[in-house]
Amino acid sequence: SNNALLDELNEKASLYRIEIQECQAAIAEYNMLQTNFPALEITIDNALRNTSQKYRDLRGRLAAVEKVMRALGSTEPAR
């Protein structure tokens, strides 16, 4: 049923949101580390670039899941 699918998609979306928050926290930390440890700039830049890419990827995945959820929700019969 649509409800079971929506529940599953909602769970997936929730996991993506948590991972996005973790990426945001990591990005903020890398920015602080860059300020405090300029000698590690290249290492921190690489980590920041990787995390930023993961963040963009997760945002895209979340957007896709939310789009499918909206489409599925709009086909849900009225109760």
Side-chain angles (χ1 to χ4, degrees):
S1 81
N2 278 6
N3 282 344
L5 291 172
L6 279 170
D7 286 348
E8 201 172 323
L9 289 168
N10 201 30
E11 192 172 314
K12 188 181 259 302
S14 293
L15 291 173
Y16 286 149
R17 287 186 193 102
I18 290 167
E19 286 189 71
I20 286 169
Q21 288 175 334
E22 290 171 354
C23 283
Q24 289 171 323
I27 288 168
E29 184 64 24
Y30 289 137
N31 286 326
M32 261 197 303
L33 289 171
Q34 275 182 321
T35 303
N36 297 331
F37 301 98
L40 298 175
E41 183 182 4
I42 292 170
T43 303
I44 295 168
D45 272 350
N46 288 336
L48 186 55
R49 195 172 11 265
N50 291 340
T51 303
S52 296
Q53 181 57 51
K54 182 179 178 185
Y55 173 76
R56 285 190 296 275
D57 181 54
L58 287 165
R59 294 268 316 243
R61 289 171 181 256
L62 177 59
V65 169
E66 288 175 337
K67 188 172 186 175
V68 170
M69 287 172 67
R70 280 192 301 277
L72 199 56
S74 67
T75 63
E76 184 87 4
R79 287 183 234 176

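Values reported hereafter were calculated over all heavy atoms of this structure, with side chains retained and with hydrogens, waters and symmetry mates removed. Because the structure is a prediction, the values reported are computed rather than measured.
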Common cluster, Ile18/Tyr16, ILVMFWY with side-chain heavy-atom separation under 4.5 Å: no
Tell me every residue that passes side-chain contact (heavy atoms from CB on, under 4.5 Å) with Leu15, counting only those two or more places apart in sequence or in another chain. none
Table please: side-chain donor-acceptor pairs of residues 19-27 below 3.5 Å, with sequence neighbours left out.
from	atom 1	to	atom 2	distance (Å)
Gln24	NE2	Tyr55	OH	3.4

Approximate separation, where rounding is to 0.5 Å, of [X] [atom1] and [Y] [atom2]:
{"X": "Gln53", "Y": "Leu58", "atom1": "CD", "atom2": "CG", "result": "10.0 Å"}
{"X": "Glu8", "Y": "Leu72", "atom1": "CD", "atom2": "CG", "result": "11.0 Å"}
{"X": "Leu9", "Y": "Asn2", "atom1": "CG", "atom2": "CG", "result": "10.0 Å"}
{"X": "Met69", "Y": "Asp7", "atom1": "CE", "atom2": "CG", "result": "9.0 Å"}

Nearest heavy atoms of Ile44 and Tyr30, plus distance in Å: CG2-O, 3.5 Å
Closest contact, heavy atoms only, Ala13 versus Val65: CB-CG1, 4.0 Å
By side-chain hydrogen bond (donor to acceptor under 3.5 Å, both in side chains), which residues pair with Glu66, not counting sequence neighbours? Arg17
List the residues meeting side-chain hydrogen bond (donor to acceptor under 3.5 Å, both in side chains) with Asn10, not counting sequence neighbours, and say none if there are none. none
Please collect all side-chain hydrogen bond (donor to acceptor under 3.5 Å, both in side chains) contacts where either partner lies in residues 34-46, sequence neighbours excluded, each pair once. Gln34-Asp45, Asn46-Arg49
Hits for salt bridge (Lys or Arg N to Asp or Glu O under 4.0 Å) against Arg56, two or more places apart or cross-chain, chain-then-number order -> none
Residues that Asp57 engages under salt bridge (Lys or Arg N to Asp or Glu O under 4.0 Å), provided they are two or more places apart: Arg61
